[in-house]
Amino acid sequence: MIKLMYYSIPVLALLIMIGPTVNRSVYGHTFSGDESASFLTKIEMIKIESKLALDQVSSDPELAKEHAKNVVNQLTTNDTEEISERNSRLATELNNELNNFSNAFESGTLSQTEISDKVTSINDIIADVVNSRIDQEQQENATMKALVVNDLVGETLEHYGMALGMEEGENESEHNENMTSTEHSTDSSSNETSSIVDEANYQTAQATITQAIQNFDEIKEDSDTNSTELADSLNAVKEKIDSKAAFDEIDTIVDDKITSLLNSVYDLNLSEEEEHAEGGGEHAENEDNS
């Protein structure tokens, strides 16, 4: 902390000289790279769920309502408070817009065009929120983007597990049980088709892995063998989900390929358990993100 009394420079002059630093330390929390990655993942999930709600509003209003509820559930009170540290007006606008979006599906009175306008409004606000909440340098950092890809894969596993009827968090127990054996065995589950019991979560899993692939394409190094293998592995997860494969088959790809390749290419210091953390969880500390 800067102790102003130690300086002979007038306080006003000092504040002018170090204005940006003071703004971050006094008027707002300085967020770590890991916190920012987790927040950006939640932003991606808001966009994913709101688009799914829009896509389903005409064909399946009940599914649309489920996705709309998920839009509201992405941000916690703590998230809103952190946004307020940078811009209280945006925090209020975002909270109101998300709640209005969900309420619109409860009433069932809005047309698809009106819902589309609300999705556009949400996307506009969250773009401003991201710019306010996270430094531009962090937003453009490849390591940061790789952490978001990691978190989206974790979200994919969580939603796919729930789509199969697993309780929230049960997929992680399944993962831990798998890791106690000497190796993953997919012989018994190869080509096995699973029954989907929760269509909303299944749609979210499909959309989330698609978004993970798109995000990775932004940072993929075409000439790098590991990057190519990582892209193939992400696409393999998508194919498995689309074909409703057994959870273990997808979990194996994540454990044996995606986690290690993310670590290798971007030096994320991820453990396999962290790969499965919903919404990003706690990443290993990585100073390159800040």
Side-chain angles (χ1 to χ4, degrees), residues 38-84 87-130 132-133 148 151-152 154-169 171 195-212 214-215 238 241-242 244 278-280:
S38 296
F39 181 79
L40 287 172
T41 302
K42 292 179 180 182
I43 292 299
E44 292 285 14
M45 295 306 298
I46 289 173
K47 291 191 287 187
I48 287 169
E49 294 286 10
S50 60
K51 184 178 186 305
L52 286 171
L54 173 62
D55 291 345
Q56 295 295 321
V57 68
S58 296
S59 59
D60 196 328
E62 286 304 312
L63 266 181
K65 187 184 297 185
E66 287 300 311
H67 290 302
K69 288 178 182 178
N70 289 338
V71 170
V72 177
N73 293 335
Q74 294 303 320
L75 297 182
T76 65
T77 300
N78 185 61
D79 292 323
T80 303
E81 290 174 352
E82 289 180 346
I83 296 169
S84 293
N87 192 314
S88 60
R89 176 186 59 80
L90 283 176
T92 300
E93 286 183 4
L94 179 60
N95 185 63
N96 291 341
E97 198 67 37
L98 295 181
N99 281 299
N100 289 340
F101 184 76
S102 179
N103 292 337
F105 286 85
E106 293 295 334
S107 65
T109 58
L110 297 184
S111 67
Q112 186 162 10
T113 299
E114 290 171 315
I115 295 295
S116 179
D117 290 341
K118 285 187 174 294
V119 171
T120 300
S121 180
I122 288 173
N123 289 338
D124 289 343
I125 292 173
I126 60 179
D128 290 338
V129 167
V130 168
S132 173
R133 166 71 163 71
V148 174
D151 290 353
L152 288 172
E155 289 281 357
T156 299
L157 285 176
E158 189 71 27
H159 285 282
Y160 190 62
M162 289 189 288
L164 299 180
M166 301 166 69
E167 295 293 332
E168 186 171 358
N171 60 342
S195 297
I196 302 300
V197 299
D198 188 324
E199 186 66 24
N201 273 302
Y202 181 58
Q203 291 178 349
T204 299
Q206 288 179 301
T208 304
I209 191 59
T210 298
Q211 188 62 53
Q214 292 174 357
N215 284 23
K238 182 181 184 305
I241 289 175
D242 287 344
K244 303 177 183 177
E278 182 183 3

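A quick note: this is a predicted structure, and the numbers were derived from the prediction, not measured.
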Quick one: side-chain hydrogen bond (donor to acceptor under 3.5 Å, both in side chains) partners of N87, sequence neighbours excluded?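 In terms of side-chain hydrogen bond (donor to acceptor under 3.5 Å, both in side chains), with neighbours along the sequence ignored, N87 is linked to no residue.
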So, using side-chain hydrogen bond (donor to acceptor under 3.5 Å, both in side chains) as the criterion, who are the partners of D242 when residues are at least two apart?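 Once residues adjacent in sequence are excluded, the partners of D242 under the side-chain hydrogen bond (donor to acceptor under 3.5 Å, both in side chains) criterion are Q206, K238.
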Please answer whether the main-chain N or O of [Y] pairs with a side-chain N or O of [X] as donor and acceptor at a distance below 3.5 Å.
X    : Y    : answer
S102 : N99  : no
S132 : D128 : no
D60  : Q56  : no
D124 : S121 : no
S88  : S84  : no
T120 : S116 : yes

How far does [atom1] of [X] sit from [atom2] of [Y], to the nearest 0.5 angstrom?
X    : Y    : atom1 : atom2 : answer
I46  : N123 : CD1   : CG    : 9.5 Å
S38  : I43  : OG    : CD1   : 12.0 Å
N201 : N70  : CG    : CG    : 6.5 Å
L98  : N103 : CG    : CG    : 11.0 Å
H67  : Q203 : NE2   : CD    : 4.0 Å

Side-chain heavy-atom pair [X], [Y] within 4.5 angstrom cut-off:
X    : Y    : result
E62  : F105 : no
D79  : T76  : yes
H159 : M45  : yes
L90  : L94  : no
F39  : I83  : yes
Y202 : L164 : no

Heavy-atom closest pair, residues [X] and [Y]:
X    : Y    : answer
I115 : A104 : CD1-CB, 4.2 Å
I126 : K47  : CD1-CG, 3.3 Å
A53  : A64  : O-CB, 3.4 Å

Looking at T156, L52, I209, which one forms a side chain to side chain contact (heavy atoms under 4.5 Å, CB included) with T204?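 Of all the options given, the one that passes is L52.
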What's the verdict on side-chain hydrogen bond (donor to acceptor under 3.5 Å, both in side chains) for T208 and E155, showing C-alpha distance, side-chain angles and the deciding distance? CA-CA 7 Å; T208 304; E155 289 281 357; over 6 Å; no
Side-chain H-bond candidate by donor/acceptor type, N215 with Q211, under 3.5 Å: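 There is such a pair between these side chains.
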Are L40 and D151 close enough, and set up right, to give a side-chain contact (heavy atoms from CB on, under 4.5 Å), and what steps lead you there? CA-CA 9 Å; L40 287 172; D151 290 353; over 6 Å; no
Quick one: which residue pairs count as a salt bridge (Lys or Arg N to Asp or Glu O under 4.0 Å) with a foot in residues 90-116, not counting sequence neighbours?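 Qualifying pairs: R89-E93.
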